[in-house]
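See structure below.
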Amino acid sequence: MNPESGLGILVSVQMIIIAALGGAGTLYGPLIGAIILIPLQSATNSWFGGGGSGLTFILYGGIIVILARFEPGGLLELWRRVSARVTHAA
């Protein structure tokens with residue numbers, strides 16, 4: 001059995017990005033991350049070629065850098081902050 005056939009580095013990175021994108025410390029954060037990342041992966045695979053394309057790694061790296069720099073709490077935390085501002089403003 002080849003370990004790369006089922007659980008390669010791309011799958012590991014996907015799991016980390018899914019959790020970080022939505023919000024790693026929340027219940028619904030990884031679900032939100034999966035809802036965004038899985039269609040994005042399908043689109044990039046159809047635009048740029050197969051799943052082994054190096055552009056997928058570049059895209060994932062860019063997502064990690066943007067999350068780490070601008071929103072380390074994930075999109076769910078961003079949503080909470082924005083909704084709190086809106087309720088305070090109203």
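Clustering ILVMFWY residues whenever any of their side-chain heavy atoms sit less than 4.5 angstrom apart, transitively, puts V82 in the very cluster that holds L21. Hydrophobic clustering, with ILVMFWY side chains joined whenever heavy atoms are under 4.5 angstrom apart, keeps L59 apart from I66. I35 and W79 fall into different hydrophobic clusters, where Ile, Leu, Val, Met, Phe, Trp and Tyr are joined by side-chain heavy atoms under 4.5 Å apart, directly or via other members. Linking Ile, Leu, Val, Met, Phe, Trp and Tyr whenever their side-chain heavy atoms come within less than 4.5 Å leaves I63 and F70 in two separate clusters. Residue I58 is not grouped with residue I16 when hydrophobic side chains (ILVMFWY) are merged at heavy-atom distances under 4.5 angstrom, including chains of intermediate members.
Screening residues 57-70 for side chain to side chain donor-acceptor pair (under 3.5 Å) gives Q14-Y60 as the qualifying pairs, with residues at least two apart or on separate chains.
In terms of heavy-atom proximity, G23 sits nearest to P30 at O-CD, 3.6 Å.
Side-chain contact check for T26 versus I32: every heavy-atom pair is 4.5 Å or farther apart.
For the atom pair CG (L67) and CG (L75), the distance works out to 6.5 Å, reported to the nearest 0.5 Å.
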